[in-house]
Amino acid sequence: MIVRTRFAPSPTGFLHIGGARTALFSWAYAKKHGGAFILRIEDTDVARSTPEAVQAILDGMQWLGLDYDEGPFYQMQRMDRYKQVIQTMLQQGSAYYCYSSKTELDTLREQQMADKQKPRYDGKWRPEAGKVLPAIPTDISPVIRFKNPQDGVVVWDDLVKGRIEIANSELDDLIIARADGTPTYNFCVVVDDWEMGITQVIRGDDHVNNTPRQINMLKALGAKIPQYAHLSMILGGDGQKLSKRHGAVSVMQYDEDGYLPEAVLNYLSRLGWSHGDEEVFSMHQFCEWFDLDHITSSAAQFNTEKLNWLNNHYIKQASAESLLGDITKRLAKLNVSVSETPNLPAVIDLYKERANTLNELAASIAYFYQKPIMDLVAAEKHLTVEIKPAIATLADLLKAVDWQAEAIHHAINEVVTQYQLKFPKVAMPLRVMLTGIAQSPSIDQVMKLMGREEVLARITNH
RNA sequence: GUCCCCAUCGUCUAGAGGCCUAGGACACCUCCCUUUCACGGAGGCGACCCGGGUUCGAAUCCCGGUGGGGACGCCA
């Protein structure tokens, strides 16, 4: 059997981290099995769906490199087909019109809640053999409901959670078409998963409760039942549920914040899934290893520190050339324009191992291209009056020295010897004068990149 | 309330009855490297939710608690 998976977001917001992981797992499953990954936009909620959200989802997937083999399909463009299927169901008796009004239903729900019962439709308009239906009201346009079986249980072997059984008595007759005739989510999903030949439905576990209803409809339609895999949710760093109000951000925010897609992908892969002790791996490797058996069924908390660690890894691994354009852009955002010297790729190479994000990297090298911002605490500590003569001597030496890290290092050593100091006694003030702060890579390397003229100018300024 | 799901270090996880005095990773701490900060290297701290059972033997199986989460829309 050819594997066909899908990612089916509703375009009511950006692609967040949970959606991204769901997409990633679906994508990887299809890749692993040489199958097809399908993108389907579930935009039947006309009031909340927006073209901007569609674009945001597409952008997010593109940034992550989650390419789809088919789609994007839009449910709004498949209305005719859904309506056809509804007509068929009406004819064969697996669906029926319901004239209960919204207020009637609301009252019913409140009453059931008050009686500590599970709120559900009371079956008022459900046709049964020998049952006399109420007179059809003239002022109400009916909805269409699915005639769910009342006996027995729905069972499926969830690929993540194992066997799940839900009694039909727990289910009620759900609405499959609204009063205006438009089909609802649970119904569209069924038709689409069926007609798109989806073999594995991989989705968030907030859909577990929809699954038995969908299986029943699939059965009513005589469709093959796909396998289901319900992924647990991702919690925020504080263990709280992610929501728009609380911590849920677009994957594009990670781009903005200086994360590499490789790092985000690698991080997400290990959130709820594992392959022994493997922590760092490419997407190519992930697709080979990925399976549904090693997915954890409990919710996972998002941990920025680990993401940072992975991001640092991928930044270190990236070539300076590949980061060049990105870093230039990020410097521009800091109002720093890159000049020809110091050579940006060389600077990136020297600094990339110390940055957790590309933003940090850009910020850390800004002083090569603009006047350093003096850290007053560091200045007070290191730029002492006593050290001035030694620095002056060094400045003289530097005018003539061969401008290589090693020669510069020797020059500093000469001064150290002459004044009988420890190396840091000279290196630290130098560092602060040149960079404004007390931490940097090896000072001779920094000086070499900065250039003789600029180094001398910055020393003279103090 | 009803139904469903979940439960190993602070966090992500390994673990399919004996390989478990519970392994790895992030974070944290110490030391080494060192020119400061990082990187890197070596150590350390640190967990099987509770109670019963099954078994020669349970983190692993069963039952019951407790705790957390989800669903219960003419939203998706």
Side-chain angles (χ1 to χ4, degrees), chain A residues 8-12 42-45 47-49 75 98 100-102 105-106 109 112-120 141-145 158 160-162 164-167 169-172 174-186 188-189 204-212 230 232-233 235 237 239 241 267 270-280 293-294 296-310 312 316 351-356 364 378 382 409 412-413 416 422-428 430-432 435 437-444:
Chain A
S10 64
T12 54
E42 312 218 317
D43 53 357
T44 53
D45 184 353
R48 293 199 300 155
S49 299
Q75 290 188 321
C98 165
S100 294
S101 69
K102 270 186 190 175
L105 259 17
D106 286 344
R109 199 177 356 258
Q112 288 166 326
M113 292 284 252
D115 293 346
K116 308 202 167 193
Q117 286 181 327
K118 188 173 185 165
R120 69 225 307 168
S141 29
V143 298
I144 300 171
R145 289 185 185 267
D158 196 276
V160 172
K161 293 180 186 289
I164 299 179
E165 290 189 25
I166 291 172
S169 57
E170 289 298 326
L171 273 22
D172 64 357
L174 74 155
I175 292 170
I176 59 175
R178 303 178 180 94
D180 65 4
T182 57
T184 59
Y185 164 77
N186 267 300
C188 297
V189 167
D205 71 356
D206 47 332
H207 288 290
V208 166
N209 293 278
N210 289 324
T211 306
H230 288 101
S232 297
M233 55 190 304
L235 272 21
K241 187 192 174 181
Y267 178 72
R270 276 293 281 103
L271 203 56
W273 175 85
S274 60
H275 185 78
D277 289 341
E278 302 293 342
E279 296 286 351
V280 182
D293 301 334
H294 291 83
T296 330
S297 41
S298 55
Q301 210 168 305
F302 193 88
N303 184 246
T304 307
E305 266 103 41
K306 190 151 182 182
L307 208 213
N308 283 343
W309 172 72
L310 278 166
N312 172 254
K316 275 188 289 187
Y351 281 72
K352 66 183 184 185
E353 74 173 24
R354 19 194 346 112
N356 280 337
S364 72
H382 298 291
H409 192 94
I412 299 173
N413 264 335
V416 164
K422 296 270 189 205
F423 194 97
K425 229 23 195 167
V426 179
M428 287 310 292
L430 204 47
R431 176 170 283 122
V432 174
T435 70
I437 54 176
Q439 307 89 321
S440 83
S442 187
I443 194 63
D444 45 18

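Labels below follow one simple rule: chain letters A, B, ... track the order of the sequence lines, proteins then strands, and each chain is numbered from 1. All values derive from a computational prediction rather than experimental measurement.
- The NZ atom of K118(A) sits 8 Å away from the P atom of C4(B) (whole-angstrom rounding).
- Annotation: side chain of M428(A) is not in contact with side chain of F423(A) (no heavy-atom distance under 4.5 Å).
- Nucleotide A16(B) is matched to nothing when pairs are restricted to Watson-Crick or G-U wobble geometry with both distances under 3.5 angstrom.
- Side-chain proximity of L105(A) to the nucleotides C74(B), G73(B), C5(B) is greatest for C74(B).
- Contact annotation: S274(A) reaches the phosphate of A14(B) (side-chain N/O to OP1 or OP2, under 4.0 Å).
- Rounded to an integer number of Å, the gap from NE2 of H207(A) to P of A76(B) is 11 Å.
- Residue T296(A) places at least one side-chain N or O closer than 4.0 Å to OP1 or OP2 of U13(B).
- The partner of U66(B), taking Watson-Crick or G-U wobble pairs whose two distances both stay under 3.5 Å, is A7(B).
- Using a 4.0 Å heavy-atom cutoff across all strands shown, H230(A) reaches no nucleic acid atom at all.
- Taking only side-chain atoms of Q439(A), from C-beta outward, the nucleotide of G15(B), C3(B), U36(B) with the closest atom is U36(B).
- Distance CD (E42(A)) to P (G73(B)): 19 Å, rounded to an integer number of Å.
- In this structure, the CD atom of E305(A) is 10 Å from the C1' atom of G10(B), given to the nearest Å.
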(request) Let me have a per-nucleotide readout for nucleotides 38-51 of chain B, 5' to 3', with B, S or -, counting only protein heavy atoms under 4.0 Å. (result) BSS-----------
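- N186(A) and T184(A) form no side-chain donor-acceptor contact under 3.5 Å, judged by distance and modelled atom types alone.
- Contact check, K241(A) against G69(B): no side-chain N or O comes under 4.0 Å of OP1 or OP2.
- The same atom, P, is picked in A22(B) and in G67(B); the two are 30 Å apart, to the nearest Å.
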(request) Check step by step if salt bridge (Lys or Arg N to Asp or Glu O under 4.0 Å) holds for K306(A) and E279(A). (result) CA-CA 10 Å; K306(A) 190 151 182 182; E279(A) 296 286 351; 3.0 Å; yes
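- Considering only the side chain of D45(A), C75(B) comes nearest among U35(B), C75(B), A71(B).
- Distance from the side chain of K306(A) is smallest to A25(B) among A25(B), A71(B), G1(B).
- Rounded to whole Å, the P atom of C63(B) lies 15 Å from the corresponding atom of U54(B).
- Looking at heavy atoms from C-beta onward, L171(A) lies in side-chain contact with P212(A) at the 4.5 angstrom threshold.
- A47(B) and G23(B) have their C1' atoms separated by 12 Å, given to the nearest Å.
- Here OG of S364(A) is found 11.5 Å from CD of Q439(A). Values are rounded to the nearest 0.5 Å.
- For R270(A), no side-chain nitrogen or oxygen approaches OP1 or OP2 of C26(B) to under 4.0 Å.
- Taking only side-chain nitrogens and oxygens, S232(A) never comes nearer than 4.0 Å to OP1 or OP2 of G70(B).
- One atom, CG of D277(A), and another, P of A14(B), lie 10 Å apart when rounded to the nearest Å.
- Comparing the P positions of A7(B) and A14(B) gives an interatomic distance of 10 Å, to the nearest angstrom.
- Look at CD1 on I175(A): it is 13 Å from C1' on C72(B), rounded to the nearest Å.
- The closest side-chain heavy-atom distance from D205(A) to K161(A) is below 4.5 Å.
- Among the protein residues, G272(A) comes within range of the sugar-phosphate backbone only, with heavy atoms under 4.0 Å from sugar or phosphate atoms but none that close to a base.
- Mapping A438(A) and K102(A) onto RNA chain B via the closest heavy atom, the residue that lands nearer the 5' end is A438(A).
- Contacts of S141(A) with the nucleic acid, taken as non-hydrogen atoms under 4.0 Å apart, are absent.
- Every residue meeting the ring-ring contact (aromatic ring centres under 6.0 Å, His included) condition with H275(A), not counting sequence neighbours, appears here in chain and number order: W289(A).
- Between Y267(A) and F302(A), the ring planes are perpendicular. Angles over 60° get that label, and only those under 30° would be called parallel.
- Residue contacts shown for I443(A) include a base, since a base heavy atom lies under 4.0 Å away.
- Rounded to whole Å, atom P of U13(B) lies 12 Å from atom CZ of F302(A).
- Here R48(A) does not reach the OP1 or OP2 of A76(B): none of its side-chain N or O atoms lies under 4.0 Å away.
- Contact annotation: the side chain of I412(A) approaches that of I443(A) to within less than 4.5 Å [non-hydrogen atoms, C-beta and beyond].
- G18(B) sits 11 Å from A59(B) when the P atoms are compared, rounded to a whole Å.
- Here the side chains of Y185(A) and N210(A) are in contact, with some heavy-atom distance below 4.5 Å.
- Side-chain atoms of F423(A) lie closest to U35(B) of the nucleotides U35(B), G70(B), A7(B).
- Side-chain proximity of N210(A) to the nucleotides C3(B), A25(B), A76(B) is greatest for A76(B).
- Summarising the base pairing, A71(B) is matched to U2(B) through a Watson-Crick or G-U wobble pair whose two defining distances lie under 3.5 Å.
- The residue V143(A) sits close to a base: some heavy atom pair falls under 4.0 Å.
- The shortest distance between side-chain heavy atoms of N308(A) and L310(A) does not fall below 4.5 Å.
- Comparing G69(B) with U8(B), their P atoms are spaced 15 Å from each other, to the whole Å.
- When heavy atoms are screened at a 4.0 angstrom cut-off, S297(A) is found touching the sugar-phosphate backbone but no base atom.
- Along RNA chain B, the nucleotide nearest P441(A) and the nucleotide nearest G276(A) are compared for position; the residue whose nucleotide lies closer to the 5' end is G276(A).
- To the nearest whole angstrom, the two P atoms, one in U2(B) and one in C20(B), are 44 Å apart.
- The P119(A) side chain lies nearest to G1(B) when the options are G1(B), U11(B), U35(B).
- The pairing partner recorded for U36(B) is none, the criterion being a Watson-Crick or G-U wobble arrangement whose two distances lie under 3.5 angstrom.
- Between the P atom of G1(B) and the CZ atom of R120(A) lies a distance of 16 Å, rounded to the nearest Å.
- Using a 4.0 Å cut-off, some side-chain N or O of R178(A) falls inside it from OP1 or OP2 of A76(B).
- I175(A) has its side chain out of reach of I144(A): every pair of non-hydrogen atoms, C-beta onward, lies at least 4.5 Å apart.
- Across C19(B) and U11(B), the matching C1' atoms stand 27 Å from one another, rounded to whole Å.
- Summarising the base pairing, C28(B) is matched to G44(B) through a Watson-Crick or G-U wobble pair whose two defining distances lie under 3.5 Å.
- No engagement by D43(A) is indicated, since no non-hydrogen atom pair under 4.0 Å with the nucleic acid exists.
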